[in-house]
K.L.:
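Attaching a single structure in structure tokens format; questions to follow.
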Amino acid sequence: MRVFRISSIKGFGMFVVRTLKNLVLTIDRYEYRKSIHANQQFVIRMESAFHQSIGASIEFDLMSWRAALINDKNRSIICRTAAEKMVNMRTSKMVFGQNVIRGDHAFGYDDDQCAYPSLVFEIRLSQSSDDLEKKAMELLEEVRGEVRTVVGLDFYGTWKIWKTLRDDVGDPVNPRRGPFKAFVWLAVFDGDGQRVFGEDGPILQKRNHVFCEENGDENINEKLQLSLRDFIPPRIIVAERWQNFKELDETKFQLDAATMINHFDKALKAQKKEDRKFKPRKDRRDEERRIRKLKRAAKRNANTEKEHRYWSMPISSIGVGGHSLRNLKGGISRSEYQQQGHS
């Protein structure tokens with residue numbers, strides 16, 4: 001995701017921010033908040049092909065899980081009802097006073113009292129891991145306790161080595177990857193659906209998952225799990241008296257290593273394709289020239305090997321008219337040659 005930040009303090013800068021805000025109101029990917037660096041900060045977020053691919057894959061998996069729960073007759077009415085109430089809010093806008101923030105992929109609950117998502121996925125490629133955690137804290141601490149779960153997918157390590165990694169992406173024999181981590185932040189609520197606070201603020205739980213190491217090696221036993229309860233707003237749990245209903249905790253949405261690595265590889269290919277599409281003409285020509293050279297070299301190597309195999313065939317010699325001719329394996333013998341009327 002490409003991020004553009006515009007801050008203003010006074011005068012013309014403020015006019016620029018307001019003008020840009022009006023121009024992009026039709027774009028779903030913007031945020032607007034007071035900044036500690038200036039009076040106001042306007043952020044435009046432009047999704048990359050990588051970001052779009054990962055997000056679409058996660059949304060498909062989650063909504064497929066939801067549909068399976070709804071149609072599972074062995075599930076309780078409570079679980080099936082909760083699943084049916086889950087809604088995909090995508091990049092839902094959250095407004096608090098003058099501040100506007102968004103989650104990358106948000107999931108909420110279909111209820112008049114639930115205006116904001118209860119679970120948010122945040123995907124980071126070109127932004128640092130610290131930026132990811134700051135956004136998670138903002139969602140959990142500033143959204144009036146509405147967001148209870150934030151899942152962060154961190155690909156920043158891959159971004160840092162992308163230029164050296166890109167050419168080998170999609171290799172059918174040895175596909176290369178960079179590091180890939182995931183984090184789950186969970187707000188803690190009491191039995192009355194109220195946030196639990198400590199001396200330093202709201203109490204949060206955090207889980208770490210490493211799907212790919214720094215060298216790109218995958219951890220095949222890694223998995224990320226979310227319970228059905230993680231998707232339900234605490235006020236709904238209290239209102240429906242579901243506090244002690246264990247099936248909400250036992251019903252899991254799971255993203256295992258095989259699934260996540262597949263999504264990762266797919267997104268890397270999409271980003272590689274996008275990079276080629278928007279490369280400057282000179283860079284595209286240079287890359288096309290490099291690819292042609294590689295193909296010619298491969299063809300020369302194949303021809304050389306073929307010729308080597310030909311001259312390596314077993315041979316013998318026959319005398320014809322005072323000359324010595326090579327007799328390739330599979331050719332005629334001297335006696336056969338003479339039988340054909342040759343001296």
Side-chain angles (χ1 to χ4, degrees), residues 1-3 29 45-68 88 90-91 103-105 107 119-129 131-132 150-184 207-226 252-279 283-284 287-288 290-291 294-295 298:
M1 179 183 291
R2 297 174 177 85
V3 179
R29 303 298 298 143
R45 298 180 180 273
M46 299 179 65
E47 289 189 341
S48 65
F50 181 94
H51 191 282
Q52 291 173 351
S53 179
I54 289 287
S57 296
I58 296 296
E59 284 188 2
F60 178 82
D61 290 344
L62 209 156
M63 299 313 287
S64 297
W65 173 70
R66 169 184 177 270
N88 185 355
R90 294 182 171 83
T91 58
D104 285 345
H105 297 272
F107 299 88
L119 186 144
V120 175
F121 277 85
E122 286 290 320
I123 303 167
R124 290 295 183 274
L125 179 62
S126 60
Q127 292 175 276
S128 72
S129 303
D131 286 337
L132 173 60
V150 176
V151 180
L153 304 181
D154 184 1
F155 302 96
Y156 183 60
T158 293
W159 174 259
K160 290 193 293 185
I161 61 172
W162 177 239
K163 289 185 178 180
T164 61
L165 176 73
R166 179 171 48 203
D167 287 345
D168 295 324
V169 165
D171 188 319
V173 178
N174 186 29
R176 289 189 61 196
R177 309 179 187 94
F180 165 28
K181 298 176 287 186
F183 307 98
V184 180
R207 301 199 301 262
N208 300 340
H209 304 273
V210 179
F211 286 99
C212 286
E213 302 288 352
E214 290 299 317
N215 62 358
D217 288 347
E218 57 190 80
N219 293 320
I220 59 174
N221 296 320
E222 188 63 86
K223 57 185 177 183
L224 188 158
Q225 290 184 327
L226 300 168
K252 302 288 188 180
F253 170 65
Q254 178 172 296
L255 293 168
D256 59 21
T259 299
M260 294 303 282
I261 297 301
N262 181 61
H263 294 341
F264 189 19
D265 287 343
K266 181 181 176 182
L268 289 172
K269 291 177 185 177
Q271 188 61 46
K272 179 179 180 179
K273 184 177 180 180
E274 181 180 76
D275 286 1
R276 285 179 172 175
K277 181 179 178 181
F278 291 102
K279 269 187 176 181
D283 291 347
R284 289 202 302 270
E287 183 169 358
E288 289 169 359
R290 183 182 66 83
I291 292 173
L294 290 174
K295 287 181 177 179

K.L.:
Which value, rounded to the nearest 0.5 Å, describes the distance between His209 atom NE2 and Lys181 atom NZ?
P.N.:
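Interatomic distance, His209 NE2 to Lys181 NZ, rounded to 0.5 Å: 13.0 Å.
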K.L.:
Can you measure from CG (Leu153) to NE2 (His263) and round to the nearest 0.5 angstrom?
P.N.:
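Answer for the CG-NE2 pair, Leu153 versus His263, is 10.0 Å.
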K.L.:
Can you confirm whether or not the ring centre of Phe50 sits under 6.0 Å from the ring centre of Phe155?
P.N.:
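Yes, the ring of Phe50 comes within the 6.0 Å limit of the ring of Phe155, centre to centre.
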K.L.:
Kindly give the heavy-atom pair with the smallest separation between Pro179 and Phe264, and that separation in Å.
P.N.:
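Result for this residue pair: O-CZ, 4.3 Å.
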K.L.:
Drop me the distance from Ser126's OG to Trp162's CH2, to the nearest 0.5 angstrom.
P.N.:
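Between atom OG of Ser126 and atom CH2 of Trp162 there are 12.5 Å.
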K.L.:
Considering residues, nucleotides and ligands other than Lys273, do more than 12 of their heavy atoms fall under 6.0 Å from its NZ?
P.N.:
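It does not: Lys273 NZ has 12 such atoms or fewer within range.
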K.L.:
For the pair Ser64 (side chain) and Phe60 (backbone), establish whether a donor and an acceptor sit closer than 3.5 Å, ignoring hydrogens and angles.
P.N.:
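Yes, Ser64 side chain to Phe60 backbone: donor-acceptor pair under 3.5 Å.
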K.L.:
Backbone N or O of Ser53 within a donor-acceptor pair of the Ser57 side chain at under 3.5 Å?
P.N.:
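Judged by distance alone, yes, a pair lies under 3.5 Å.
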K.L.:
With Arg177, which of Asp168, Asp171, Asp217, Asp265 fulfils salt bridge (charged side-chain N to carboxylate O under 4.0 Å, His left out)?
P.N.:
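Only one of Asp168, Asp171, Asp217, Asp265 forms a salt bridge (charged side-chain N to carboxylate O under 4.0 Å, His left out) with Arg177, namely Asp265.
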K.L.:
Whether the side chain of Asn88 engages the backbone of Arg90 through a donor-acceptor N/O pair (distance < 3.5 Å, no angle test) should be reported.
P.N.:
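The answer is yes, because a donor-acceptor pair under 3.5 Å joins these two groups.
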K.L.:
Do side-chain atoms of Glu222 reach the backbone of Val210 as a donor and acceptor pair under 3.5 angstrom?
P.N.:
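Looks like yes, one N/O pair under 3.5 Å.
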K.L.:
For the side chain of Asp154 and the backbone of Ser129, is there at least one donor-acceptor N/O pair under 3.5 Å apart?
P.N.:
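Flag not set: sc Asp154 to bb Ser129 has no pair under 3.5 Å.
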K.L.:
Under a 4.0 Å threshold between the charged nitrogen and the carboxylate oxygen, would Arg124 count as salt-bridged to Asp104?
P.N.:
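So Asp104 pairs with Arg124 through a salt bridge.
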